[in-house]
Structures are given as C-alpha cells and as structure tokens.
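Have a look at the structure below before the remarks.
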There are 4 protein chains.
Amino acid sequence: MEPSKDTDPAQRILEAADALFARQGYDGVSVRDVARAAGVNKASVFYYYNTKEKLFERVMTRYYEAHRRALQDAFAVEGSIHERLHHLVDGYLDFIVANDRYPRLVQGLLLSGSSELPLVSRGIGTLFEWTKTSLADVAPETGPKSTRQIFVTVAGAVMNYLVYAPALASSWGDDPLAPASFEERRAHLHWVVDLMLADLDASAPTG
Amino acid sequence: MEPSKDTDPAQRILEAADALFARQGYDGVSVRDVARAAGVNKASVFYYYNTKEKLFERVMTRYYEAHRRALQDAFAVEGSIHERLHHLVDGYLDFIVANDRYPRLVQGLLLSGSSELPLVSRGIGTLFEWTKTSLADVAPETGPKSTRQIFVTVAGAVMNYLVYAPALASSWGDDPLAPASFEERRAHLHWVVDLMLADLDASAPTG
Amino acid sequence: MEPSKDTDPAQRILEAADALFARQGYDGVSVRDVARAAGVNKASVFYYYNTKEKLFERVMTRYYEAHRRALQDAFAVEGSIHERLHHLVDGYLDFIVANDRYPRLVQGLLLSGSSELPLVSRGIGTLFEWTKTSLADVAPETGPKSTRQIFVTVAGAVMNYLVYAPALASSWGDDPLAPASFEERRAHLHWVVDLMLADLDASAPTG
Amino acid sequence: MEPSKDTDPAQRILEAADALFARQGYDGVSVRDVARAAGVNKASVFYYYNTKEKLFERVMTRYYEAHRRALQDAFAVEGSIHERLHHLVDGYLDFIVANDRYPRLVQGLLLSGSSELPLVSRGIGTLFEWTKTSLADVAPETGPKSTRQIFVTVAGAVMNYLVYAPALASSWGDDPLAPASFEERRAHLHWVVDLMLADLDASAPTG
DNA sequence: GATGAATGAGTATTCATTCAT
DNA sequence: TATGAATGAATACTCATTCAT
C-alpha cells in the first residue's frame, strides 16, 4: 500500500488520486491527501497537474480511453445478435471488473453536476449508439421494449452492481466483490439479455 | 423556487438543503449555501439543526420514512406473485418519481463512504428481504436467476434511471424526465420482471 | 448537583455562574453553559444580569462583601500582636475554606488583565492596610522583613494553597482539600507567622 | 515590541504567542491576535504549529525545559542544607525574574482546568521531590512543619509575587517589578527559609 | 417574568494555489 | 525537477446579545 518510491512521481500521484477520488469523491479528497498518499510534496501535485480539477480529468481520461477500446473490441466481434450482445455485456463487465474504480468515479461525476458531465455523456452516448446499431433490426426505437430502455437497464445493471456492493455486503451472503460473485452476475446478465432478445424475436418476427 | 418568506424557516432550510444536497452532494454544499437558498441567516441553520451533518440526516430521514411507507403499502397488496411484484415495482417507481431527489441523495451517500452508509444499507436490506419473501417459492437463493441478482438488477433499473437521466438527455430523443418517459420506463420494467418470472415458472414448475 | 427548580432563578443562575467561572475561568464559560447549569433559558441570564460581564461582577461582589466582613471581624479582636495576627490568618483561612472558589476566581481576574482589576486591587489593598496597622510597631516599612514582604508571603500562602491543590494532589499523599489537610495548613501558617514575629521581636526589641 | 520583519517567522510567532498567552490567558487570545502580533498571515500560524493548542504547548515546553535546567543546576550545588536551599530559592527566583511570563502562564493553566494540567503537575512534582530530598533529614513528612507545607509556602511565595505584582503596585510604594524590589524579595525569602530551618534544627537536633 | 427566535461578529481550522529557490 | 514557505478565501461552528411576544 506504501507508494514505491522508485516509480515515476507523476504516475504515483495519478494512481493515488485515482484511488482516493474513487473512494471519497472529488470533494472528499484534498490535494494534501493525494500528495501524502503518493509520497510526494503537495506542491509537486501542482507541478505535474496544475490544478486539482485537471488532475481529476487526467484520472478520468485514462478510463475513457480504456473504456472506449474495451467496448470497441467487444463490438468488433462477428456473429449473431445474441452473440454480439453477449460480447458487449461481457466486454463491459470485464472492463468494470478490471477497472473497479471506474463506476464510482463516473457516478460521482454524474452526481456532482460537474463541468465534466458532457464528457461522460459522450462516452455513454457512444455506447448507446453501438447498442442501437446492434439491435436495429430487433428492437423498436421507442416503447417499453425499445433499445433505449434496454440500454439503460443493462448498462445500469452492469455499472450499479459495483456502486451498490458495499451497501449490499451485509444482506448478500457472499462477498459481492469476490470473483465467484462476478461470474454469477455475468451469468445473470446473459440470462436477462437473452430473455429480452427472445421475447423481441417472438413478438416481432419480421426483422 | 425562491423561498417564500412567510413559511416556517426550519422548513425552508430543510427544503433548501434537500435541493442542494441532491444537486451537489454533501461535500459540495456549504451551510452558507443552504442559508442563502433558504433566505435565512447562516447561524439560523445551526439554531434549528445544530450541525450540517444533522441537517443532512434530517433530509434523509424524511425520505427513509416515506420510502418505507411507500414500499410497505405496495407490498401489502394481495394477489399473485406477478401482481405483487408489479405493485412493488410500481410503488418503487411512484416513490422515485414523487421524490426525484432521493436517488441522487442515496447514491451520493453510497459514493462518499459516509458514516451514514449503514442507514442506507439497512433501507436497502429491508427492501431486499421483502423481495426475497415475495420470490421465495419461485427463485433460488443463489445463481444467475437468484433473488439477489434479480433484486440488484430491478432496483438498479429503477433508481439509476434518475441518476443517468441528465447524461442521457442528449442521446435519448425525448426528455427522460417527462411523464410520458416515466410511463414508458414503467412498462419496460414490467416487461422485464414478467420475462424473468415467466422463465422462472417454466424452469421450476413447482410453484 | 441538579439545580432545584423551586429556588429563585436569579439565585440559581448566580450559583451556577459562580461554580463555572471558578472551575473554567471567565473565557472558558459561555452564557449557554451557565443557563444550562442553572436550568433556565439562556435569555433569562440576560434578563436578570444584562451581560455576561455584569453577571461575573455580581459573582465577585458577593465574595468581596463576605471577604471584607470576615477580615473585619477577625481584625476587630483584641489581644497581643501575636493573637491578632493569628486571628487574621485564621479568619482569612476560614473564609477561604468556606468560599473555596474565591481564590481561583480572584487569581483568574489577576491573570486576565480584566477591567475589574482595580476592584481586586482595592480589596487586597485594604487587607494590606490592616496588616500594616497590626505590624506597625514590629516590622519596618521596607526591607526583607518589611510588612509588605510578610504580607505577600502570608497572603500568597493562604490563597495559593487552593489554586495549587489540583496540581499537588498526585505528589501530596493525602487530599490537600480534605479538612485534616486544611488544619495542617492552618498550623503551618501559624508556625510561619510566629517565627517571623519572634525574629522581629528579637532583632528590634524597641517597639 | 514590534516584530522585526527579518527574523524567523516561526520564532516571531512563538514569541508573540508567549507574550499574549501570558498577558491574556489561552482562551483570551485568538490565533488572529497571535498572527497580527507576529506580523504574519493567520494561516502561517497553522503552517508552523498546526493548532492553537500545539502552539501553546510549544510555548510551555520551552519554559519547562529552561525551568528544569535552572533548578537542576541550583540543586547540584554542594554545601549545607542551608546553602543548598538558598541556592534552590535563588535559582527559582532567578528563573522567574528571567522568565517573568512563566508564572502567569502556569497559573493560567492551573486555573483553566486545561488538559495540560498533568504536565504542570509533573513539573511541580519534580521540584517537590528535590525539596523532599534536601529536607529529608530535617523536616518531617507530615504535620505543620512538614516538607510539603514548607514547599507550598516557599514555592507559592516565589511564583505568586509576579502574579500579585500588578494588583499590589498601587499600595506597595516602589514598583514591585523593579530590580531593587526583586532583591528585597530575595532577601525576604532567605530570611523566611532560614527561620524555618533554624526552628527545625532546634526542635529536632538529630541532623 | 420569561423565552424562542434570530443574528452579526468572531472562532479555529482547511484548502487550493502561488512562488522563490 | 521539486519543494518549503506563504496566503486569501472559504469552512463548520460558537458566541453574546437583542427583541417580539
């Protein structure tokens, strides 16, 4: 947990900021906290990142990049709609598992009314567009079974799991953050997606 | 939105705090902000609520109360499992629509690592227990189709809609906060719940 | 320790203020503290005593009165110089024992550079004059054996005992505030006074 | 008295705090006062000393150190009991004269019921132990002529002189803080100590 | 006679940020 | 490249006091 003194200070600062922002939110973290956690002087944080806000942006930008790449890869796979959607969900979930601070950071942003909100919106928008493309022939544009409703449900089901986990831990049984729980979650999401797709196929066999 | 000078100042403070905490989060709001928004002296906030934290607790307690009542009523309805679950989802959604700041407040709490977390956990836990009772004969305790997975998905689908709304607005088409959108959302949730219940019935025809 | 609700509120306030000022000093006590300890509304303190400062003055005035009376009585006794001085010391000590908050209050005043200082000075001055009268034929006006030096030593020896007591308790053995300790102190003071008087008699047998 | 702008700010702050705390007591001094008196920004006080309390502790610690050294030196001197006690009194008095704020600071502490009280107690306790050692063969452990009674009288006679001085000034004649007055005081204390020792020798001729 | 409500001025402390070195 | 020193503005909170009732 101690910052290894021999790595790039800029990197150490970024990593410390990442962890702290995810745990306590933007307002809950002071530059002093970050500096201490990174094992550098407070002024160094400003030396490398100019302002607290820009530091936060850098933390987020890394994730946006990784997020975009992960979903692009997942989307690029060939196959049936079922297969492609499963891939998308899996890719999303894998990304979240590998970057488990991301959901908390994004939600924090969503709640703060920050000026960064457009960036998040754009990220979500892109994902939404891909989903729309995937489901174009299957789901309607509006209505209870519309892509947009499905999207919110599934995206929320992926993201929210991580945010709710601490509050669920007590009534949950197993640790919701243990690998086994993640696999159960993945299977659950596949089940839900399959149910929706099957019903869409059945009710609109025209596509 | 301007505070009507002739209503109870304690109430005006509470309402202002409610709005501000929901919009900017606990750390993002200063007592000065609250006082200004309520049109009272800063010291008056302390006169009525002693500390910022207690003020926040009062804001939350009101919601917890209302939340509990809403769900209790929804749960008390007789009928088949389908009907009862629909009622539960409807009650939840109605509550959220009527108290549209609540999801943001709760999420803010979940993200801040605040000391109030246990209170939220308890609230979520209660709701989880009711869901478990409702689904006792239908869904297993663990696995992809378990009550706990269904619970996270459905509860998240209800709560998150409000949190994501601002980020979705641009790629959404209609305003996600318009009454019509809420009804579409409600129908969607019913659809999803029905799909899951139907599949559970089919795969475990014991009920 | 609870204030008996049926006594005069003005009295209850005065008593509470007395105890608190003695324990925590003027600045260490808030009007809220006094009101709470007296079991009255904060505004009542102002109703009866106008300001915190005037309340403090009232607390002190009571003591000045009692102090003056006690010493006057002690001084009025006929007899030899030895006897009169013993009486003075005894009267002083009795007064202190009966009003054990007084030394702390006076010292607090002395240290605060308060505007009440002249009042204290006057009280001490009176006592000094009496002592001077008593010793007029025995002790010189200046020098190591002067009345003024004797006065400071003896007065300080009486007053300070109460102020140092809490700090002494640990290395003392017995409780310095127990009655037996007070009697030991009294005997000690008599011893010291007698030693000084005897020496004065011996060295200046002219009086 | 004006802070010379070119000396170490930390030192200037300490010196200003020292003077102010001695004059007005801990509660009577605000950090703003200290900063202004030291000619630095208010935040600088916290930069150097973290909290008002720690600043105060630093002020006191310096004195404790000096106090301890002064008395240790005074005690280390060889000679008869008379000589050693004279040295102790002289050392104490010299220290007080050189550090004339110390008595007021200590008394302020004694009167505030502060949490630092144990530190003062320890300081006084050490001095008491030395006195006990010095008088072991001469004075009893309890009773009117006991070391503990002598200690309180003499220590109080030294310390209190400085605290009473302002209140005495008017009825005193000369300025009690003038060097000549201090020498008169010193001689007086020697006289008193000698009287007590002589009497102890006479009544218990074992030494 | 007594008090609930209200407040302006003040408290200690934290913060993001700048800058000389 | 890195940092110790310094600060203006803000923070939560307390206080003695006033006043309408």
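When reading the values below, keep in mind they use all heavy atoms of this one structure, side chains included, and skip hydrogens, waters and symmetry mates. Order of the sequence lines sets the chain letters (A, B, ...), proteins ahead of strands, with each chain counted from 1.
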For DNA chain E, list all stems, counting runs of three or more consecutive pairs where every pair is Watson-Crick or G-U wobble with both distances under 3.5 Å.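 Stems (3+ consecutive pairs) listed as E:2-21 with F:2-21.
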
Interatomic distance, [X] [atom1] vs [N] [atom2] [rounded to whole Å]:
{"X": "B:K54", "N": "F:dC13", "atom1": "NZ", "atom2": "P", "result": "10 Å"}
{"X": "A:Q24", "N": "E:dC15", "atom1": "CD", "atom2": "P", "result": "11 Å"}
{"X": "A:I13", "N": "E:dA16", "atom1": "CD1", "atom2": "C1'", "result": "15 Å"}
{"X": "D:N41", "N": "F:dG8", "atom1": "CG", "atom2": "C1'", "result": "7 Å"}
{"X": "D:Y49", "N": "E:dA12", "atom1": "OH", "atom2": "C1'", "result": "18 Å"}

Under 3.5 Å, which donor-acceptor pairs do the side chains of residues 37-46 of chain B form with other protein atoms, sequence neighbours left out?
| from | atom 1 | to | atom 2 | distance (Å) |
| --- | --- | --- | --- | --- |
| B:N41 | OD1 | B:A43 | N | 2.7 |

When rounded to the nearest 0.5 angstrom, what distance separates CD in B:Q107 from OG in B:S112?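 With rounding to 0.5 Å, CD (B:Q107) is 11.5 Å from OG (B:S112).
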
Roughly how far apart are A:Q24 CD and A:L20 CG, rounded to 0.5 Å?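 Output value for this atom pair is 5.5 Å.
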
Pairing residues for C:D27 by the side-chain hydrogen bond (donor to acceptor under 3.5 Å, both in side chains) criterion, not counting sequence neighbours: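 Listed in chain order: nothing, the list is empty.
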
Applying side-chain hydrogen bond (donor to acceptor under 3.5 Å, both in side chains), name anything that partners D:R68, two or more places apart in sequence or on another chain.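 For D:R68, the residues satisfying side-chain hydrogen bond (donor to acceptor under 3.5 Å, both in side chains) (neighbours in sequence not counted) are D:Q72.
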
Going by atom type alone, with no hydrogens or angles, which donor-acceptor pairs under 3.5 Å involve a side-chain atom of residues 56-67 of chain D and a protein atom two or more places apart or on another chain?
| from | atom 1 | to | atom 2 | distance (Å) |
| --- | --- | --- | --- | --- |
| D:T61 | OG1 | D:E57 | O | 2.5 |
| D:R62 | NH2 | D:D18 | OD2 | 3.1 |
| D:Y63 | OH | D:D18 | OD1 | 3.0 |
| D:Y63 | OH | D:D18 | OD2 | 2.7 |
| D:H67 | ND1 | D:Y102 | OH | 2.9 |

Would you check, one step at a time, whether the test side-chain contact (heavy atoms from CB on, under 4.5 Å) holds for D:R36 with D:D33? CA-CA 5 Å; D:R36 192 171 348 198; D:D33 294 338; 4.3 Å; yes

Once base and sugar-phosphate atoms are separated, protein heavy atoms under 4.0 Å mark nucleotides 15-21 of chain F, 5' to 3', with B, S and - as SBBB---

Do side-chain atoms of D:R12 reach the backbone of D:T7 as a donor and acceptor pair under 3.5 angstrom?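 Pair found, side chain donor or acceptor close to backbone of D:T7.
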
Taking for each residue the nucleotide of DNA chain F with the nearest heavy atom, is it D:A10 or A:P9 whose nucleotide lies nearer the 5' end?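 By nearest-heavy-atom nucleotide position, the 5'-most residue is A:P9.
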
